[in-house]
Protein chains: 2
Amino acid sequence: MNQPRRQRGPHRFAYDGLDRVIHEHARLSVLTSLVTHPKGLAFADLKNLCALTDGNLSRHLQVLEQAKLVSISKGFEGNRPQTLCRITPAGRKRYIEYLTVLEQVVLDAASAIKSDPGDERLGDPADA
Amino acid sequence: MNQPRRQRGPHRFAYDGLDRVIHEHARLSVLTSLVTHPKGLAFADLKNLCALTDGNLSRHLQVLEQAKLVSISKGFEGNRPQTLCRITPAGRKRYIEYLTVLEQVVLDAASAIKSDPGDERLGDPADA
DNA sequence: CCGTGGTACTTTGCAATGGAAAGTACACTT
DNA sequence: AAGTGTACTTTCCATTGCAAAGTACCACGG
């Protein structure tokens with residue numbers, strides 16, 4: 001349908017599919033964690049996985065929840081409060097769209113780097 | 001022995017190689033443009049390729065120059081001023097390091113998405 | 001029972017900065 | 001010479017990432 005086949009065109013490197021809400025170090029970490037854990041993660045787990053401070057994670061979760069990318073349910077583990085975070089279907093969808101653009105960036109760059117290796121190489125799947 | 005490239009520590013999704021200077025929509029666009037054009041690009045070309053406003057591009061180029069990721073040389077095309085931007089060797093190196101982390105993000109996410117496709121699929125090179 | 005400490009978050013406040021608009025400089029046209 | 005256009009640069013402001021402080025609740029020792 002709306003396939004952004006922006007291989008050519010005047011704005012080839014604009015990458016405007018890089019959603020600002022997702023394209024943020026901390027939130028990208030959080031979302032990637034959640035995508036790989038579809039059953040959800042507790043606040044503390046997320047905090048450790050993403051190496052974030054409490055306040056930091058809390059804030060980003062607020063943003064992600066407001067954007068309807070994650071759902072947050074508060075419950076209890078024993079008698080301690082426990083916040084469980086899950087990625088929503090919509091969040092998953094937007095994350096995948098974002099990832100597609102990221103892949104395009106990697107591909108654009110990788111091809112250029114391969115054709116002029118300079119002093120470093122990038123492991124490229126198409127290389128095998 | 002799992003993939004040695006994947007970080008498996010407590011902070012598996014921290015992605016702290018995502019350099020803040022590079023991991024920014026506009027600057028990522030600029031650097032990707034420059035990586036694919038090793039001979040450099042003029043201000044106006046960059047502006048169009050990345051779909052940025054003048055002021056915006058100017059600001060980001062300052063940041064990139066200060067970080068020694070790009071070099072900026074002012075000259076003339078005919079008698080019009082022309083700013084030529086090139087990625088520096090150091091910039092190239094750091095960009096590649098950044099890209100490697102980006103690839104890791106894509107891989108982390110893609111494997112999770114593939115194993116539970118949900119409602120969307122991601123075109124994966126290893127899939128073909 | 002009361003205080004001390006620990007866990008699990010939330011709120012607040014500041015400093016950084018991305019981005020648009022306005023500004024500067026120069027060349028070409030009329 | 002004045003006006004228009006190109007090529008940037010500078011300024012300003014709203015946003016926001018981040019950390020420190022705050023809140024709430026439970027466990028444990030005295």
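Order of the sequence lines fixes the chain letters, A, B, ..., with proteins taken first and strands second; residue numbering starts at 1 for each chain. Quick caveat, the model's predicted, so the values are computed rather than measured. Computed from heavy atoms alone, side chains included, the values below leave out hydrogens, waters and symmetry copies.
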Closest non-hydrogen contact found for B:Leu49 with B:Leu41 is CD1-CD1, 3.7 Å
First contact, last contact: which nucleotides of DNA chain D are these for chain A, 5' to 3', heavy-atom distance under 4.0 Å?
D:dG17 to D:dA27
Whole-Å distance, B:Leu57 CG to C:dA20 P, equals 12 Å
From the list A:Ile72, A:Val30, A:Ile87, side-chain contact (heavy atoms from CB on, under 4.5 Å) partner of A:Leu64 resolves to A:Val30
Between C1' of C:dT11 and CG of A:Asn56, the distance in whole Å
13 Å
A:Arg80 side chain: which of C:dA8, C:dG19, C:dT10 is closest?
C:dA8
So, A:Tyr15 versus B:Thr32: side-chain donor-acceptor pair below 3.5 Å or not?
no
Within the 4.0 Å heavy-atom criterion, would you say A:His60 contacts the bases, only the backbone, or no part of the nucleic acid?
sugar-phosphate
Is B:Thr53 close enough to C:dA20 that one of its side-chain N or O atoms is under 4.0 Å from OP1 or OP2 there?
yes
Starting from C1' on C:dT17, measure out to NE2 on B:His23 and report it in whole angstrom.
15 Å
When rounded to whole Å, the CG to C1' distance for the pair A:Asp45 and C:dA8 reads 12 Å
C:dT17 P sits how many Å from B:Arg59 CZ, rounded?
8 Å
Could you grab the distance from atom NE2 of B:His25 to atom NE2 of B:His60, nearest 0.5 Å is fine?
9.5 Å
What distance separates A:Lys74 NZ from A:Thr83 OG1, expressed to the nearest 0.5 Å?
4.5 Å
Parallel, tilted or perpendicular: ring planes of A:Tyr98 versus A:His23, cut at 30 and 60 degrees:
tilted
Tell me what B:Ser58 touches on the nucleic acid: a base, only sugar-phosphate, or nothing, going by heavy atoms under 4.0 Å.
base
How would you label the contact of B:Asn79 with the nucleic acid (heavy atoms, under 4.0 Å): base, sugar-phosphate, or nothing?
sugar-phosphate
May I have the distance from A:Leu41 (atom CG) to C:dA8 (atom P), rounded to whole angstrom?
15 Å
Integer-rounded Å distance: C:dA16 C1' and A:Glu24 CD
13 Å
DNA chain C: 5'-proximal contact among A:Lys74 and A:Arg20 (nearest heavy atom):
A:Lys74
Can you tell me the distance, in whole Å, between the CG atom of B:Leu52 and the P atom of C:dT17?
18 Å
Salt bridge or not for A:Lys93 and A:Glu97, using N-O below 4.0 Å?
yes
